[in-house]
Amino acid sequence: MLTLGINYSQMHDSSACIVRDGELLFAVAEERISRVKHDSGFPKLAIQACLDFAEVTAGQLDEVCFGWQTAGPIYRHDLKLYATGHWPLTKVNVLNSSRYFLSMWHQESGAAPFRRIFGESKTRFRYVDHHLAHAISAYAYSGFDDAAVAVMDGRGAWEATSIWRGRAGRLEHLLTLNWPDSLGLFYAQFTGFLGFVPNSDEWKVMGLAPYGQQGIDLSPFINPHDQPYRVHSKTLVGDGSQFSHLTPLLGLPREPESEISEQHKNIAFAVQDACEAAMMSVIKMALAKTGSRNLCLAGGVALNSKANGKIVASGAIEKIFVQPAASDDGVALGAALAPYLDDNGRLPNKAMRHGYWGPSFDDDAIEKTLLTYKIRHTKLSDTATAAAQFLSEGKILGWFQGRMEFGPRALGSRSILADPRDPEMNAKVNNAVKFREWWRPFAPSFKKEAVPEYLESAYDSPFMILTAQVRPGKRSVIPSVTHVDGSARPQTVEREINPLYYRLIDEFGAITGVPVIMNTSFNLRGEAIVHTPTDALRTFFSSGMDALVIGSYVIEK
Ligand SMILES: [Fe+2]
């Protein structure tokens, strides 16, 4: 069976993946190809890339599976909320709901543009409930036979949080909390209040939180410790006007790009603290309802690596799998497997051990690009050793190798790398390359075997989606990847999974005695991670990177 999974909601992170006989072949987010960050358009480029990779035409697909319900249920839920007073009944809100419904209805929730672009065929279209698609994306790539599955996001059609039992390839639905009782909504509202972009910049709030102190009371907006948590959406959203309801309790919202005050830091602290408590409440319920000690997470809220680290450190679970594309780009992965549940069938369940599901470019393609732009370059006999040498000399390095990552993190395919021992490196990379906020930490890639020496909890973290505490004695050894609260967001790199990247870290360790490197995504602030050699060159030459190792070639400034 050949299935295509799609995320298309017109909201954010459109994507596509292709699965053959239960085996994920390829996945890519539209933003990487279109270069529009969080692209919400119909993912025609991503779909074409999937078909090209599998060397098939659209007509050969057995099913095209969207990770969303059709527009009708979404609209019905919205109307119910207006009628019952659970969401502000304003002209703008009703207009937005109606416009969304009409647009998606007109597009047959994605089937119409698919047929228009890829041609008419007998291929069947399927619309998978959004949280089911998230739940499959977590469980069916975990490798756990038996698991508690929790999905937490902004919203599906009606869903905001759901709990499932995964067992023997089947998923049983146990509980749903309906929108707007939503942790994603809660976090997004405060992300906006703090002057950042909701449903995009939640990372910034999470990074700011450790600079704040306890003292802000968010109980009018959320009861995080209740089982299940309750978000008081009426006080959180008020009459729908921009933050007017938050101001009496928290002061004026922060202007974007303005100074960060102590109050802003304290709000970030309180929001993160409440989110962690609420997530823990959901997980305790999931564990109690299923009796399992294996946990699978998906949904945008599951990208909260700080909370995930605390879940691991709590000792409540034995094993965890957080689907690395936990946000909506990842529902394509779940949707593509939904047909396997038909007729009492079982999901394939192979543990996902890496995130390298995207396109790649070989040396021929890279050299052709370098020659086209007349860029002076050298061919390396040993890229890992040369790159390790650059890093040990304090150089900031672009690293473009192999298949691109699927999900928001760069994991050693499209990365900017630097020496984590230099306490100034954080500022250097920020000033030269990322141009991003001073409080946002950079993350380390560890040689897997080195993790127990550096981190207090040595849980496998191939996807940079869990934080852990750096051992106190090691914080001054890797200062530029240790956050203000002593935490780090590690990637553990295994030799068998990514031999080249592993060897680079190993060689850096041989030179410096520290088998750890700073790894941040290969993009400038506000841009999508680079996809093609041309994207990489453009980013390299419009930043302060010192060298670019691209395939077997190096370019130095
Ligand atoms: Fe979602």
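Numbering of ligands and ligand atoms starts at 1, following listing order. From a predicted model like this one, the values you see are computed outputs, not experimental measurements. The chain is numbered in sequence order, starting from 1.
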- Task: Keeping to residues at least two apart or across chains, list the salt bridge (Lys or Arg N to Asp or Glu O under 4.0 Å) pairs with something in residues 72-83.
- Result: Asp78-Arg155
- Answer with yes or no after comparing the ring centroid distance for Phe186 and Tyr229 against a 6.0 Å cut-off, counting only values under it. no
- Residues, nucleotides or ligands: over 12 heavy atoms within 6.0 Å of His86 NE2: no
- Task: List nothing but the number: protein N/O/S atoms under 2.8 Å from the Fe ion (ligand 1).
- Result: 4
- Message: Assess the residue pair Val94 and Leu89 against the criterion (side chain to side chain contact (heavy atoms under 4.5 Å, CB included)); give the C-alpha distance rounded to whole Å, side-chain angles, the decisive distance to 0.1 Å, and a yes or no.
- Response: CA-CA 7 Å; Val94 174; Leu89 179 64; 3.6 Å; yes
- With sequence neighbours left out, what residues match His354 under ring pair (Phe, Tyr, Trp, His ring centres under 6.0 Å)? Tyr356, Trp357
Let me have the donor-acceptor pairs involving side chains of residues 325-333, under 3.5 Å, with sequence neighbours excluded, atom names and distances please.
unit_1: Asp328; atom_1: OD1; unit_2: His130; atom_2: NE2; d: 3.1
unit_1: Asp328; atom_1: OD1; unit_2: His134; atom_2: NE2; d: 3.1

